[in-house]
Amino acid sequence: MSARILIVEDEEALTTLLRYNLEAEDFQVDTAARGDDADTMLKEKVPDLVILDWMLPGLSGIELCRRLRARPETKQLPIIMLTARGEESERVRGLATGADDYIVKPFSVPELLARVRALLRRSSPERVSNVLTFGDVEIDREKKRVIRGGRAIDLGPTEFRLLEFLMERPGRVFSREQLLDGVWGSEVYVDERTVDVHVGRLRKVLNRGHDDDPIRTVRGSGYALDDRYGKA
Ligand code: CA
């Protein structure tokens with residue numbers, strides 16, 4: 001059974017974007033555009049995780065967070081707070097009030113998805129699969145183990161994260177910039193050529209002793225896992 005996520009956000013375009021991306025990862029998504037509506041919904045049904053905007057009509061995200069932490073049934077509920085850039089002191093208050101994580105707007109969707117998965121892996125590991133399979137490649141996200149064709153492969157942490165990121169969406173082409181956001185995070189400054197270096201290292205280790213390369217270079221665009229390979 002997939003995890004259920006409640007998005008509490010009054011910017012409709014952002015809600016739509018998040019819903020689309022979360023549903024693409026098989027999460028079940030509910031939405032609320034007002035803090036007081038979300039409060040009512042959360043009294044009726046507790047989701048597996050809440051993405052909570054700071055500034056909301058009806059009831060602020062911070063007040064809702066405080067209320068959730070005060071109720072036994074939502075005391076442990078994973079909460080990711082969305083805050084606007086430049087609200088440093090407010091961010092600190094957000095965490096002090098009990099949010100598990102926060103992310104500053106504007107943020108990259110892959111980064112938010114990574115935070116969602118990370119929190120869910122801690123809170124409801126049974127709802128997030130730890131093992132991803134693609135063709136003869138298998139990775140265990142929790143144990144950080146990679147196996148290809150039955151043999152264990154030793155990857156560095158960045159190469160592991162890169163492979164994990166690609167395996168989460170096989171066939172999809174990612175630009176170097178998207179890979180930087182998703183693998184390194186948008187707060188780290190890394191040159192786009194760094195992506196090529198790490199893809200090169202990943203290929204070298206992953207393909208040792210194999211003739212075929214599951215990673216596809218898409219000229220002028222970026223990289224993807226070759227979906228034809230995955231089906232073979
Ligand atoms: Ca808002």
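Computation of the quantities below employed the complete heavy-atom set of this structure, encompassing side-chain atoms and omitting hydrogens, waters and symmetry-equivalent molecules. Whatever order the structure lists ligands and atoms in, that order sets their numbers, starting from 1.
Connection of L225 to I147 is not established within any shared hydrophobic cluster, with ILVMFWY side chains joined at heavy-atom distances below 4.5 Å, either directly or through further cluster members.
Here E23 pairs with R19, V29 under the side-chain contact (heavy atoms from CB on, under 4.5 Å) rule; sequence neighbours left out.
One finds no salt bridge joining R117 and D101 here, because no Lys/Arg side-chain nitrogen approaches an Asp/Glu carboxylate oxygen to under 4.0 Å. A salt bridge links R148 with D136; the closest basic N to acidic carboxylate O contact falls under 4.0 Å.
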Below 3.5 Å, can you tabulate the donor-acceptor pairs from side chains in residues 55-63 to any protein atom, sequence neighbours excluded?
| unit_1 | atom_1 | unit_2 | atom_2 | d |
| --- | --- | --- | --- | --- |
| S60 | OG | E63 | N | 3.1 |
| E63 | OE1 | R66 | NH1 | 2.9 |
| E63 | OE2 | R67 | NE | 3.3 |

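The count of protein N, O or S atoms under 3.0 Å from the Ca ion (ligand 1) stands at 3, with waters excluded from the count.
In this structure, V218 belongs to a hydrophobic cluster whose other members, linked by side-chain heavy atoms under 4.5 Å apart, are V173.
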